[in-house]
Amino acid sequence: MRFEKTEILVVLFLIFSNTIFTQAQIDRDTSFTLKDTYLKVVKEFPYTAIPMIPDSSTFTKYENQIYDNTFRDLHIDIYSPKNVCAPIPLIIIIHGGGWRSGSKEMERPLAKNLTQHGLCTATVEYRLSPEAKYPAGVVDLKKAIKWIKKNSTGYGIDSSKIILLGGSAGGTLAALLGVTANHKIFDGMNYYPEISTGVCGIINIDGIVDFSDPAESGKDTIPAKPSAGKLWFGASYSENPNIWNEASPLNYVDKQTPPILFINSAQKRFRAGRDEFIKKLNVLNKYSQVVEIDNSPHPFWLFEPWFSTNIKLITDFVKKITARA
């Protein structure tokens, strides 16, 4: 088959253009990685250690499954314990990184270790602020919940016992997703509209729940140094307070809010809105639990000696709430 010169040029242009477009879609801020974070934390806490990974023969992995390709392929990793009677609860783990950095791979040690306690786990990729501003990442994660529910049988997952867990920015997202199951504002794209994004529990590790708190809203005083919030929302709090309030989990607490566990480091600013959140739950007679880890850095959940403590807190909480479900 022969091609005219113009046809070849068109094909090459399309390939080249698509390569540039695809690369632009997946560019990442790599400032938050497991290695770099460890090197920072170990300076102040010299006993910090990387968690052990369980033997791969004890769990089944389904890595980089595509759950959505609306804008580009978005991936999810699922880990399932072996020799456990299905269906079983699932913990969806949402990585942190200021809504601009981090990756699902950072949470694989936690995901794999939790399978040793009879739980399915999933780590999820979502679009970050260098690629797409708020609420893109929220919409992505809502889709991931729906995709998991739709495909739950194939992975041995009990779709009525799904728990959201996240650290830092991921904790904020876990809380926001958990309290907005009955709000259509973030659903988007008419993606499996018949499937609810409701979950049976939330585990928030050092994630703020109120963006209007001065610890967050008061950061943008130097235009050349935008906060993580401004980079995500595309505007500072003073420029657009409505969008910051819209993304605050605190503003959605109601009688449908599932049980929640807050696990906090010794860094107090990451508790923004937490106490007000719990007060609202108490009025509604809804279950909550708070654990503060003394002498701990912000990304404590990623490393020992705090990692093992978190495993126990997480598994105890899941057992408690799934026994009720």
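Count residues from 1 along the sequence. Quick note: numbers below take in every heavy atom, side chains included, and nothing from hydrogens, waters or symmetry partners. Keep in mind that what you see is a predicted model, and the values were worked out from it rather than measured.
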Report task. Without swapping roles, check the side chain of Asn69 against the backbone of Arg72 for a donor-acceptor pair under 3.5 Å. Result -> no
**Report entry** Side chain proximity check, Lys149 to Tyr192, heavy atoms < 4.5 angstrom
**Finding:** no
Query - Modelled atom types, side-chain donor and acceptor of Asn151 and Lys146, under 3.5 Å - result: no
Query raised in the report: Between atom CG of Asp206 and atom CD1 of Ile263, what is the distance when rounded to the nearest 0.5 Å?
Result: 9.5 Å
Report task. Could you list the residues that satisfy side-chain contact (heavy atoms from CB on, under 4.5 Å) with Lys286, not counting sequence neighbours? Result -> Leu281, Leu284
Report summary line: In short, Tyr67 meets Asp140 closest at the heavy-atom pair CE1-O, 3.3 Å
Requested in this report: Determine whether Thr60 and Tyr79 make a side-chain contact, defined as any pair of heavy atoms from C-beta on separated by less than 4.5 Å.
Outcome: no
Query raised in the report: CH2 of Trp147 to CD1 of Ile66: how many Å apart, nearest 0.5 Å?
Result: 9.5 Å
Report task. Using the side chain to side chain donor-acceptor pair (under 3.5 Å) rule, collect all pairs that involve residues 233-248, keeping only residues at least two apart or in two chains. Result -> Tyr134-Glu246, Ser236-Ser238, Ser236-Glu239
**Report entry** For Glu63, all residues meeting salt bridge (charged side-chain N to carboxylate O under 4.0 Å, His left out), sequence neighbours excluded
**Finding:** Arg108
Query raised in the report: Heavy atoms, side chains only, cut-off 4.5 Å: are Asp213 and Ile208 in contact?
Result: no
**Report entry** Cationic N near anionic O, under 4.0 Å, Arg271 to Glu276
**Finding:** no
**Report entry** Pair Asp36 + Lys40, salt bridge at N-O below 4.0 Å
**Finding:** no
Report task. Quick one: do Phe32 and His95 satisfy ring-ring contact (aromatic ring centres under 6.0 Å, His included)? Show the steps, please. Result -> CA-CA 10 Å; Phe32 184 54; His95 72 80; 8.0 Å; no
Query raised in the report: Asn113 side chain to Pro109 main-chain N or O, any donor-acceptor pair under 3.5 Å?
Result: yes
Query raised in the report: Should the pair Lys143 and Tyr191 be classed as cation-pi, given the thresholds of under 6.0 Å to the six-membered ring centre and 45° from the axis?
Result: yes
Query raised in the report: Taking side chain as C-beta onward, heavy atoms only, is Thr48 less than 4.5 Å from Trp306?
Result: yes
**Report entry** pair Ile205-Phe300: side-chain heavy atoms closer than 4.5 Å
**Finding:** yes
Query raised in the report: So, Glu125 versus His75: side-chain donor-acceptor pair below 3.5 Å or not?
Result: yes
Query raised in the report: Atom CD in Gln116, atom OG1 in Thr315: separation rounded to 0.5 Å?
Result: 12.0 Å
Query - Separation of Ser168 OG from His298 NE2 (nearest 0.5 Å) - result: 2.5 Å
Would you mind writing out the side-chain donor-acceptor pairs for residues 85-93 within the sub-3.5 Å range, not counting sequence neighbours?
none

Query raised in the report: Any ion pair linking Lys230 and Asp220 (charged N to carboxylate O, less than 4.0 Å)?
Result: no
Query raised in the report: Pairs in or reaching into residues 98-121: which pass ring-ring contact (aromatic ring centres under 6.0 Å, His included), with residues at least two apart or in two chains?
Result: Trp99-Phe211, Trp99-Trp232
Requested in this report: Look up atom CG in Leu176 and atom CG in Asn204, then write down how far apart they are to the nearest 0.5 Å.
Outcome: 11.0 Å
Query raised in the report: Does the distance from a Lys or Arg side-chain N to an Asp or Glu carboxylate O, for Lys219 and Glu216, drop under 4.0 Å?
Result: yes
Query raised in the report: How are the rings of Phe277 and Phe262 set to each other: parallel, tilted or perpendicular (split at 30° and 60°)?
Result: perpendicular
Report task. For the residue pair Ile148 and Ile162, establish whether any side-chain heavy-atom pair is separated by less than 4.5 Å. Result -> yes
**Report entry** Nearest heavy-atom neighbours spanning Thr33 and Thr37
**Finding:** O-OG1, 2.6 Å
Query raised in the report: For the residue pair Gly201 and Pro258, what are the closest heavy atoms and their distance?
Result: N-CB, 3.8 Å
Query raised in the report: Where is the tightest heavy-atom contact between Asn282 and Ser288, given as atom of each residue plus distance?
Result: OD1-OG, 4.4 Å
Query raised in the report: Taking 4.0 angstrom as the limit, do Asp77 and Lys61 come out as a salt bridge?
Result: no
Requested in this report: Check whether any side-chain N or O of Ser217 sits under 3.5 Å from a backbone N or O of Ser212 as a donor-acceptor pair, and report yes or no.
Outcome: yes
Query - Qualifying residues under side-chain contact (heavy atoms from CB on, under 4.5 Å), relative to Thr309, sequence neighbours excluded - result: Ile293, Leu313
Requested in this report: Would you mind reporting whether Asn295 and Phe45 have side-chain heavy atoms less than 4.5 Å apart?
Outcome: yes
Query raised in the report: Which pair of non-hydrogen atoms, one from Ile78 and one from Ala122, has the smallest distance, and what is that distance?
Result: CG1-CB, 4.2 Å
Report task. Would you mind reporting whether Ile94 and Val124 have side-chain heavy atoms less than 4.5 Å apart? Result -> no
Query - Side-chain H-bond candidate by donor/acceptor type, Thr123 with Glu105, under 3.5 Å - result: no
Report summary line: Residues Ser80 and Cys120: closest non-hydrogen pair is OG-SG, 3.6 Å
